[in-house]
**Student:** 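First the structure, which I've put down as structure tokens, then a few questions once you've had a look.
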There are 2 protein chains.
Amino acid sequence: MQTTIDNGEALTARQTEVLDVALRLLVEEGDSLTMTAVARRASCSKETLYKWFGDRDGLLTATVQWQASKVRAGNYDRQHLDAAALRDSLEGFAVNWLSVISSATSIALNRVAVSHAGSGKSNLGSIVLANGRFAIGERLKPLLDAGRAAGLLAFDDAEEAFRTFFGLVGRDVQIRLLLGDTLKLSTAAIERDAKRAVDQFFTLFGAANRPKIRSL
Amino acid sequence: MQTTIDNGEALTARQTEVLDVALRLLVEEGDSLTMTAVARRASCSKETLYKWFGDRDGLLTATVQWQASKVRAGNYDRQHLDAAALRDSLEGFAVNWLSVISSATSIALNRVAVSHAGSGKSNLGSIVLANGRFAIGERLKPLLDAGRAAGLLAFDDAEEAFRTFFGLVGRDVQIRLLLGDTLKLSTAAIERDAKRAVDQFFTLFGAANRPKIRSL
DNA sequence: TCCGAACCGTAACGTACGGTACGGCAGAAA
DNA sequence: TTTCTGCCGTACCGTACGTTACGGTTCGGA
């Protein structure tokens, strides 16, 4: 993308090992993790940490990007798209997204990214945004477009349709978890929520059985 | 010492003046505001700050509660509830909520609450949650119940219906803003979004005999 | 065998900031 | 006037942590 020299693939095994430690520590202690703690836990010296990642922000940035590179899921592009396939794909997206945002890792990373976005001390916020909200948007919109092309969906703007889908799936989950609400989402609950969200989405944007949806 | 500022309004004018300064500083500098900065900007001594609020967390807590006490809006309870009145009320809620979460004050407060929820060093998260997400839920659910009683809405669980409404209104706005996305919401855009969300909500939860909602 | 690079462990430095102490001042009470 | 109270301004203390420095160890290659 920009700025950083090590764009992600210039990482040795030992370095990713260190980043995994940092990730685990970030989940445990949040933004209050110290360089000393990372070094001790990873059995490496602080000097090495600074040599590899520059400074604390560099370490955090590399950690976030490392996690993002692990999460990147495959795109859903089917050749044969009927109503059932579309529904399956949407439910897959919803399940995946709910699983991600309710995971301890995502919560910890989003928290530190939010705080750094406040202090303006790094661009963790935009990194998380690019690999979270916007990444899923870019992956989902082609599916929505294909659904419209197949006569299964009706909307004017894929971006707007996606934002509504995003709201129907996520609702209040992410903000509650980020603010420390103890909200347990079982896999059963996640699948139930995903189905409900997709049902609602089809009610709003399904093409087959509806009169014209009023455009914005 | 005593724990004065807990919940009641035992705040002198001078104290609220200090809290307003802290609030402004919190918006400007985020969680990195220092006691020294607050004291200097408020023209008071640090000793006074510690005497009044105990410690840094006490000051932040009092600041968040002070802001919450200013935002508390009136409940929407009408005697005469028809479709138009229900729609107006829902749109009012939506406009109000979008205005709040897109305000610089709310963003700053949510950011610091999120970071503290991560460090577990205070209960700012639950305070913000109680005065934000849950407060609006408790104010909106009676309206939804009334709408159902009047035969205008159909749902099983008011909580679930509210959460869907919450998602339709907020969508990705809050998380994007918290992560530093530069997302400008004009009042016109807010009103447009509110109308769209309410339209969609009626599509999902309107009672069987759908009223005419395309009139505007 | 020797050399240098990479890295570990730890000590040390500098600083920022939370928290405390203290002197001075203004105003109310007496 | 004196005295007491509450507060301002500022200097000060202790600590935590980012960052640097350095000695010691391992290991690959000449």
**Student:** Specify the closest pair of heavy atoms between A:Leu49 and A:Cys44, including all atoms of both residues, with the distance to one decimal.
**Tutor:**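 Scanning both residues completely, I find the closest heavy atoms to be CD1-SG, 3.3 Å.
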**Student:** Does A:Glu29 have any salt bridge (charged side-chain N to carboxylate O under 4.0 Å, His left out) partners at least two apart in sequence or in another chain, and if so, which?
**Tutor:**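 Per chain and number, A:Glu29 pairs via salt bridge (charged side-chain N to carboxylate O under 4.0 Å, His left out) with no residue.
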**Student:** Can you build the contact string for nucleotides 13-24 of chain D? Use B for base contact, S for sugar-phosphate-only contact, and - for no protein heavy atom under 4.0 Å.
**Tutor:** ----SSBB-B--
**Student:** Rounded to the Å, how far apart are B:Arg41 CZ and D:dG9 P?
**Tutor:**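 The distance from CZ of B:Arg41 to P of D:dG9 comes to 15 Å, rounded to the nearest Å.
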**Student:** Work out which heavy atom in B:Trp97 is nearest to a heavy atom in B:Gln174; give both atom names and the distance.
**Tutor:**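 Scanning both residues completely, I find the closest heavy atoms to be CZ2-OE1, 4.4 Å.
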**Student:** Looking only at side-chain N and O atoms, does A:Trp52 come under 4.0 Å of OP1 or OP2 in C:dC7?
**Tutor:**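 Affirmative; the distance criterion is met.
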**Student:** Looking only at side-chain atoms of B:Ser43, point me to the closest of D:dG9, D:dC7, C:dA6.
**Tutor:**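 Given the options D:dG9, D:dC7, C:dA6, the side chain of B:Ser43 is closest to D:dG9.
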**Student:** Is it the case that atom CG in B:Asp156 sees more than 12 heavy atoms from other parts of the structure closer than 6.0 Å?
**Tutor:**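 Not more than 12 within 6.0 Å, no.
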**Student:** Return the value, rounded to whole Å, for the distance between atom CD of A:Glu17 and atom C1' of C:dA6.
**Tutor:**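 To the nearest whole Å, that distance equals 16 Å.
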**Student:** For the pair made of CG in B:Leu49 and P in D:dC8, what is the distance, rounded to whole Å?
**Tutor:**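 Atom-to-atom, B:Leu49 to D:dC8, this comes out as 9 Å.
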**Student:** Is any NZ, NE, NH1 or NH2 atom of the basic residue among B:Lys141 and B:Glu160 found under 4.0 Å from an Asp or Glu carboxylate oxygen of the other?
**Tutor:**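 So B:Lys141 does not pair with B:Glu160 through a salt bridge.
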**Student:** Salt bridge or not for A:Glu159 and A:Arg133, using N-O below 4.0 Å?
**Tutor:**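 A salt bridge is present here (some side-chain N lies under 4.0 Å from a carboxylate O).
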**Student:** Need one value for B:Arg40: base, sugar-phosphate or nothing, where a base atom within 4.0 Å counts as base even if backbone is also close, heavy atoms only.
**Tutor:**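 The answer is nothing, as B:Arg40 stays clear of every strand by at least 4.0 Å.
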